[in-house]
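Report on the structure given below.
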Amino acid sequence: MSDRFAENLLTWYRREKRDLPWRKTDDPYRIWVSEIMLQQTRVDTVIPYWHRFLAAFPTVHHLANADRQQVLKLWEGLGYYSRGRNLHDAARTVADKYDGRLPDTYEKISALKGIGPYSAAAILSIAFNKPYAVVDGNVIRVITRYFGIEEDIRSASVRNRVREHAEELIPNNEPGDFNQAVMELGATVCTPKNPQCSSCPVSAGCIANQTSRTDVIPYKSKAKKIPHHKIGVGLIVNQSGKLLIALRPEDAMLGGLWEFPGGKNDTGESLEETVIRELREELGVEVRVSEKYMQLKHAYSHFKITLHAYWCTIISGNPQPKSSEKLKWVSLDELEQHPFPKANKILVEGLQNMQPEDLKRFLIK
DNA sequence: GATTCGTGGCA
DNA sequence: TTGCCAAGAAT
């Protein structure tokens, strides 16, 4: 019965809830950081990042006073880097405008960068004990199954119905635990595949369970296939044995992270020609492409790449940041101080296993 | 409303 | 190997 949904769920939650680090604090700032990191990201992935981030920035003021590169270095590998940039910006707003204290109204907290409907409800309910219902992927799955909603969950109308159900079910006394309990149920019991209905505290009232339709609810229309690109990048060494890296613009994909210069292979063009063209466009230099250093596959959120990295020698010109924010020559040891996206990080890790002397044969002549 | 935004785990 | 999905937000 839905009138006992919250009661049964909360009893289960108190017994089964996982021992997560952000459940041991009542500091709104720490809860805020956890909710941003948890967007589209699994609990097990977030835990070490959360510890490192809060060790470096124990208060809103520490984060507000940090520089961007330090914030992004701590976000390196976590993905969706605009989350880190927006969190940093929002911390500065909270420090300046609210004296370091996160506001506790839906309107004010939603105005902060990176806080949308989910995060606002999560923070207000968990940190401030206010009865705002969260709607995330877990809640959508639990609610559509429980009420037997079979329409496409991509549609806004379904998401609104889910939100209305959640708002109807959430109790006024412990809204934070209720929200976390629904999400916990979705993450551990009411899973996308092979849900463990025999262990579910609300299975008795669940329509999908009663009708054996958990395999088709929730329904989601197929995603479009994502494209695959070939990428060519250049590794350039100067006479000090340093490598050239480029900083991506703040508003771009992977903004604020570093990379080896290069770009997308055009059809009809060899990869060597791609590297020559891209370095001409990006750096304003002419290069000779020598041997391949590494080749790797990587999947971003909306396209896949095969990345080909080549050792290059500058024939003429002096590198200028024509399409990047800035350029920098760094030693093998200095590489690790900079935040790199995953695919470039693979290249960096390989380079760090080289000896500096091994770079000599790729020096500019 | 549809797209853009990372990365890792899993069947 | 491939596609799906994960405590979504911004445009």
Side-chain angles (χ1 to χ4, degrees), chain A residues 17-18 20 22-23 31-50 72 75-87 89-90 109-127 132-142 152-160 163 166 176-188 190-194 215 218-228 248 250-257 259 296-305 339-346:
Chain A
K17 70 176 182 180
R18 291 171 291 180
L20 306 179
W22 43 86
R23 289 179 178 166
I31 292 167
W32 173 23
V33 172
S34 77
E35 289 303 339
I36 302 303
M37 288 187 170
L38 284 164
Q39 289 169 7
Q40 299 289 283
T41 310
R42 294 177 178 283
V43 164
D44 290 342
T45 301
V46 167
I47 290 173
Y49 280 90
W50 187 84
L72 289 174
W75 210 271
E76 181 186 49
L78 193 55
Y80 286 140
Y81 298 96
S82 63
R83 294 182 298 171
R85 300 193 303 268
N86 287 335
L87 177 60
D89 291 345
I109 205 169
S110 297
L112 296 169
K113 292 178 80 172
I115 298 184
Y118 164 80
S119 299
I123 295 166
L124 290 171
S125 65
I126 297 168
Y132 291 92
V134 300
V135 178
D136 76 327
N138 292 305
V139 176
I140 289 172
R141 188 166 53 256
V142 170
D152 191 348
I153 60 170
R154 289 185 191 277
S155 76
S157 66
V158 166
R159 288 163 183 265
N160 280 328
R163 179 179 48 75
D177 275 357
F178 175 84
N179 279 333
Q180 293 186 81
V182 184
M183 294 190 283
E184 183 106 343
L185 187 73
T188 64
C190 192
T191 49
K193 295 175 183 174
N194 305 313
D215 56 335
Y219 166 70
K220 191 177 188 181
S221 54
K222 298 292 184 189
K224 284 199 310 185
K225 283 185 181 171
I226 63 178
H228 192 299
R248 296 181 59 84
E250 276 273 314
D251 56 351
M253 177 183 176
L254 307 171
L257 280 73
E259 66 182 359
L296 61 89
K297 294 180 182 296
H298 184 71
Y300 294 104
S301 50
H302 56 297
F303 62 95
K304 298 177 181 180
I305 64 166
F340 288 91
K342 179 63 179 175
N344 277 263
K345 188 71 175 176
I346 299 294

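Each chain gets a letter, A, B and so on, in the order its sequence line appears, and its residues count up from 1. If you're wondering where the values come from, they're calculated on a predicted model, not measured in any experiment.
- Not one side-chain nitrogen or oxygen of A:K220 sits closer than 4.0 Å to the OP1 or OP2 atom of C:dC4.
- Residue A:G186 is out of contact with every strand shown, counting any heavy-atom pair closer than 4.0 Å.
- Listed pair A:S155 / B:dG1 fails the phosphate criterion, with no side-chain N or O lying under 4.0 Å from OP1 or OP2.
- A:Y80 contributes a side-chain N or O that forms a donor-acceptor pair with the base of B:dG6 under 3.5 Å.
- Listed candidates were C:dA7, B:dT7, C:dG3. Nearest to the side chain of A:Y300 is B:dT7.
- Here A:L78 lies in heavy-atom contact (under 4.0 Å) with a base.
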Walk me through it: do A:R18 and A:T188 pass the test side-chain hydrogen bond (donor to acceptor under 3.5 Å, both in side chains)?
CA-CA 10 Å; A:R18 291 171 291 180; A:T188 64; 6.0 Å; no
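- Across the protein-nucleic acid pair, A:L257 atom CG and B:dG6 atom P stand 8 Å apart, rounded to whole Å.
- Taking the side chain of A:D136 as heavy atoms from C-beta on, and the options B:dG6, C:dG8, B:dG9, the nearest nucleotide is C:dG8.
- Across the protein-nucleic acid pair, A:K224 atom NZ and B:dT3 atom P stand 4 Å apart, rounded to whole Å.
- The aromatic rings of A:Y300 and A:H298 stand perpendicular to each other, their planes meeting at an angle above 60°, with 30° marking the opposite boundary.
- Here the C1' atom of nucleotide B:dT7 and the CG atom of A:L38 are 14 Å apart, to the nearest Å.
- Between C:dC4 and B:dT3, the distance separating the two P atoms is 15 Å to the nearest Å.
- Out of B:dG6, C:dG3, C:dA7, the shortest distance to the side chain of A:Q180 is found at C:dA7.
- Across all strands shown, A:M253 has heavy atoms under 4.0 Å from sugar-phosphate atoms exclusively, and none from any base.
- Distances shown here put every side-chain N or O of A:H298 at or beyond 4.0 Å from the OP1 or OP2 atom of B:dG6.
- A sub-4.0 Å separation between OP1 or OP2 of B:dC5 and a side-chain N or O of A:H302 is present.
- Taking side-chain N and O atoms only, A:Q40 has no distance below 4.0 Å to OP1 or OP2 of C:dA6.
- Annotation: side chain of A:W22 is in contact with side chain of A:I47 (closest heavy-atom distance under 4.5 Å).
- As a whole-Å value, the separation of A:F303 CZ from C:dG3 P is 16 Å.
- Regarding A:K225, its NZ atom lies at a distance of 9 Å from the P atom of C:dC4, rounded to whole Å.
- A donor-acceptor contact under 3.5 angstrom links the side-chain atoms of A:T41 to the base of B:dG6.
- One side chain, A:Q180 or A:R23, offers a donor N or O that lies under 3.5 Å from an acceptor on the other.
- The separation of C:dA9 from B:dG8, taken at their P atoms, amounts to 22 Å, rounded to a whole angstrom.
- The shortest distance between side-chain heavy atoms of A:S119 and A:I36 falls below 4.5 Å.
- Among the atoms of the strands shown, none is found under 4.0 Å from any heavy atom of A:R248.
- For A:R83, whose side chain is taken as the heavy atoms from C-beta onward, the closest listed nucleotide among B:dG6, B:dG8, C:dA7 is B:dG6.
- Take the nearest nucleotide of DNA chain C for A:N86 and for A:K193: the residue whose nucleotide is more 5' is A:K193.
- A straight line from CZ of A:R159 to P of C:dG8 spans 10 Å, rounded to a whole angstrom.
- For A:K304, the listed nucleotide lying nearest its side chain is C:dG3; candidates were C:dC5, C:dG3, C:dA7.
- When the C1' atom of B:dT3 is taken as reference, atom CZ of A:R154 falls 12 Å away, rounded to whole Å.
- Atom CG in A:N194 sits roughly 15 Å away from atom C1' in B:dG9 (whole-Å rounding).
- Distance from the side chain of A:P192 is smallest for C:dC5 among the nucleotides C:dA9, B:dG6, C:dC5.
- When distances run from any side-chain atom of A:S301 to the nucleotides C:dC4, C:dA6, B:dC5, the shortest one goes to B:dC5.
- Here the side chains of A:N138 and A:L185 are not in contact, with every heavy-atom distance at 4.5 Å or above.
- Listed nucleotides B:dT4, B:dG1, C:dG8 differ in distance to A:A156; the shortest reach to its side chain belongs to B:dG1.
- For the P atoms, the distance linking C:dA7 with B:dA11 amounts to 15 Å, nearest Å.
- Contacts of A:W75 with the nucleic acid, taken as non-hydrogen atoms under 4.0 Å apart, are absent.
- Counting only heavy atoms from C-beta outward, the side chains of A:Y80 and A:S301 approach each other to under 4.5 Å.
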